[in-house]
Amino acid sequence: MKYIGYKGDISYHQARKQSIILLFKLDILPSQKDHPEKTKKKQIMKYIIVGAVAGGASTAARLRRMDEHAEIIIFEKGEYISYANCGLPYYIGNVISDRNKLFVQTAASFNQRFNIDVRVKTEVTAIDPEKKIVTAINQNTGVEYTESYDKLVLSPGAEPLRPPLPGIGLEGIFTLRNVKDTDYIKAYTTHKNVKRAVVIGAGFIGLEMAENFHDLGLDVTVIEMGNQILAPLDFPVAAIVQQHIRSKGVDLRLGTAVTGFAKNGSTLEVTLNTGEIIETDMVLLSIGVRPDTRLAVAAGLTIGTARGIWVNEYLQTSNPDIYAVGDAIEFENPITHQSMITYLAGPANKQGRICANNLVLGNTQAYKGSINTAIVKVFDMTVGTAGTASKHLTAANIRHIVSTTHNGSHASYYPDAKQMSIQIAFSPEDGRLLSAQLAGFDGVDKRLDILSSYIRQEKTVYDLIEFEHAYAPPYSSAKDPVNMAGFVGENILLSRLKIFYWNELDKISPDDLFIDVRRADEFDAGHISHSINIPVDELRSRLDEIPKDKTIYIYCEAGLRGYLAQRILTQNGYGSVFNLSGGYYLWNICQKETKLSEKKIVPQKLELA
């Protein structure tokens, strides 16, 4: 094809070339000599990253994608980088059989793919912010040296707590934080003829290890100083999971503290504050972690009120050339607006990406914090949480309403539907979601992700009603459990439903009426004391038995029949009618767990609608 050009018929490429030349002459395009990439040689930046697991490795990989020419050095005091920390308990329990699958990258593969200088078994021992150098020691050779930087990123993580109890240094007492710990525990359980294990601490890692020890055939005892498992949960949801743990034959001891350890031959003795001694073959300490701020403190960086490394919204520390990510930093909670630390891999990886963007582009992307979405498999159950628990909302003086619903994981007529419990907390003013906690056997993860997303976006219970889900009988019901939580929340906000809670039965006086609206056979199988039985299907024909001048408290198994009974009574002239949130099912579990706990459960201060 020919084009009419400046000098007769010319080809397309010739025409394009001449057009570009003309544009340059007319100053419509910048000349080659004026192009910023040609006139100014880009400064080659040198980044040093301390710590190479979730946050550090994520920062390094993103830095390389953003800047091909930067010099990037990672210091990692351990032997491994970028490993699946959350998978460690499942390797010990033989769920993951191939150890190599724990490693996302090795130092060699990370270097090859990203051209990053990875120095494992090398600990940074000091930072000089004025001179912008770090001091490091090679643990293999003992050689100490310094390295300069333009920008420094701290990702030191957290360290497990080891209280100074008598005998805590004895053989057979472990913590689990890294691959080295995992190898020690794996070898010990394999070669020491271990039959019994004591897990101290009932947090996420402690419960995962209890399950995996149980799967190895060990007799397992779990000791927890608090009055419930999983501190981020509210007691009623924790109680559901505690009952399941006990059903597996695990000796779960709440409200109990360990005072020391001793060795009796090959047996470890664990002494409790009750005076009892438990004999075991090994102990796993899982009583919590604390942020590793030693380098930051020595460098004069600001430590926040939550005792983590203070960072601004751009993940920049009090020194403008030093950034920090991961388990060691603190930031503002998006719900309570208080400083907090989160020990979760998801936020750490996201922080790494944002941090790298800000290092290369300047402080352009803000980190918006974490609502602490977390999930754990506990034997056959799954339990998860997002947002701020009711007890923590109460401590922060944030008014809220709590509602608990129980629904099937999918359509009840399709085989193997399992019950799922959802507790939500929301604002009484506008219905904004503040937290969600779930416990069940199937489908918990996808509902938690939905609710977490809605909490993060500051959506309300009204939005849950409108949530449109993928429905087919094997996966859900026409009204998903998320919708059902929204329906109940809306009814509470609009005063169509008035509720009371499992720990508020002392509000019921002898002059009030307490009605169980379940079937007679359910009532006979077990009921709350001082209640009378009027099944909901008989309620309309027995209204003459119910005086209108009394306050009426109603309960059923899960809450739905109680709501129906409440609507019948309210629309027949009964002015003060309350329904038990979570029903007899939740009350019964909470009562059992309260009695089993050696410590008194502190009642939650909840709003009555």
Side-chain angles (χ1 to χ4, degrees), residues 83-99 101-102 160-162 165 167-168 170-226 228-231 238 241-254 256-258 261-264 266-272 276-289 374-383 596:
Y83 56 86
N85 198 300
C86 299
L88 301 181
Y90 299 101
Y91 171 65
I92 293 171
N94 293 330
V95 177
I96 299 170
S97 57
D98 186 350
R99 182 177 178 275
K101 290 185 177 179
L102 295 172
L161 296 175
R162 288 182 70 96
L165 296 173
I168 198 166
L170 289 171
E171 182 188 21
I173 300 175
F174 301 93
T175 58
L176 178 61
R177 189 64 186 167
N178 52 43
V179 177
K180 187 176 181 180
D181 295 337
T182 305
D183 290 339
Y184 282 153
I185 296 170
K186 182 84 168 175
Y188 200 86
T189 56
T190 303
H191 302 300
K192 293 286 187 175
N193 194 32
V194 174
K195 302 293 185 185
R196 301 162 296 180
V198 169
V199 177
I200 302 174
F204 290 92
I205 297 297
L207 293 184
E208 287 175 342
M209 285 304 302
E211 177 184 347
N212 280 280
F213 283 149
H214 182 272
D215 289 348
L216 289 175
L218 308 186
D219 290 330
V220 180
T221 300
V222 178
I223 301 170
E224 169 57 51
M225 189 165 60
Q228 66 169 75
I229 64 170
L230 298 172
V241 185
Q242 288 164 198
Q243 287 280 290
H244 179 63
I245 293 171
R246 297 184 198 279
S247 75
K248 295 296 181 178
V250 172
D251 184 4
L252 176 60
R253 304 192 181 202
L254 302 173
T256 305
V258 173
F261 306 92
K263 200 82 169 179
N264 184 3
S266 61
T267 298
L268 273 170
E269 295 180 339
V270 183
T271 304
L272 307 180
E276 185 180 1
I277 294 176
I278 297 177
E279 294 186 344
T280 187
D281 300 315
M282 67 175 296
V283 171
L284 180 80
L285 294 172
S286 185
I287 56 177
V289 296
I375 194 167
V376 62
K377 177 181 179 293
V378 184
F379 295 95
D380 303 325
M381 290 197 80
T382 301
V383 58
L596 287 168

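The basis for the numbers below is simple: all heavy atoms, side chains too, and nothing from hydrogens, waters or symmetry mates. Numbers here are sequence positions counted from 1. None of the values given here were measured: they were computed from a predicted structure.
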Notebook entry, point to check: Does Phe174 have any ring-ring contact (aromatic ring centres under 6.0 Å, His included) partners at least two apart in sequence or in another chain, and if so, which?
Noted result: Tyr188

Item checked: side-chain hydrogen bond (donor to acceptor under 3.5 Å, both in side chains) partners of Lys248, counting only residues at least two apart -> Asp380

Checklist line | Under the side chain to side chain contact (heavy atoms under 4.5 Å, CB included) test, residues paired with Ile277 that sit two or more places apart | finding: Glu269, Thr271

Next item on the list: For Thr382, enumerate each residue passing the side chain to side chain contact (heavy atoms under 4.5 Å, CB included) test, keeping only those at least two apart in sequence or located in another chain.
Entry: Ile375, Val444

Notebook entry, point to check: Can you find a heavy atom in the side chain of Gln242 that is under 4.5 Å from one in the side chain of Leu254?
Noted result: yes

Next item on the list: Quick one: list whatever passes side-chain hydrogen bond (donor to acceptor under 3.5 Å, both in side chains) with Asp183, sequence neighbours left out.
Entry: Arg99

Next item on the list: Starting from the C-alpha separation in whole Å, work towards a yes-or-no answer on side-chain contact (heavy atoms from CB on, under 4.5 Å) for Ile287 and Met225.
Entry: CA-CA 9 Å; Ile287 56 177; Met225 189 165 60; over 6 Å; no

Check: For Asp281, what residues pass the side-chain hydrogen bond (donor to acceptor under 3.5 Å, both in side chains) criterion, not counting sequence neighbours?
Finding: Arg196

Note to self: Please enumerate all residues that pass side-chain hydrogen bond (donor to acceptor under 3.5 Å, both in side chains) together with Asp251, with sequence neighbours excluded.
What the structure shows: Arg253

Note to self: Is any side-chain heavy atom of Leu207 closer than 4.5 Å to one of Ile245?
What the structure shows: yes

Notebook entry, point to check: Do Leu176 and Thr182 come close enough that some side-chain heavy atom pair is under 4.5 Å?
Noted result: yes

Notebook entry, point to check: Where do Val258 and Leu272 land on the side-chain contact (heavy atoms from CB on, under 4.5 Å) test, with the steps shown first?
Noted result: CA-CA 4 Å; Val258 173; Leu272 307 180; 4.0 Å; yes

Margin query: Run the side chain to side chain contact (heavy atoms under 4.5 Å, CB included) test against Asp98 and tell me which residues pass, sequence neighbours left out.
Written below: Asn100, Lys101

Notebook entry, point to check: For Glu171, what residues pass the salt bridge (charged side-chain N to carboxylate O under 4.0 Å, His left out) criterion, not counting sequence neighbours?
Noted result: Lys192

Check: Is any side-chain heavy atom of Val283 closer than 4.5 Å to a side-chain heavy atom of Val270?
Finding: yes

Notebook entry, point to check: For Glu224, what residues pass the salt bridge (charged side-chain N to carboxylate O under 4.0 Å, His left out) criterion, not counting sequence neighbours?
Noted result: none

Notebook entry, point to check: According to the salt bridge (Lys or Arg N to Asp or Glu O under 4.0 Å) rule, which pairs have a member within residues 85-94, sequence neighbours left out?
Noted result: none

Note to self: I want to check something: taking the side chain as every heavy atom from C-beta on, are Leu170 and Leu268 in contact at a cut-off of under 4.5 Å?
What the structure shows: yes

Checklist line | ring pair (Phe, Tyr, Trp, His ring centres under 6.0 Å): pairs with one or both residues in residues 201-221, sequence neighbours excluded | finding: His214-Phe379

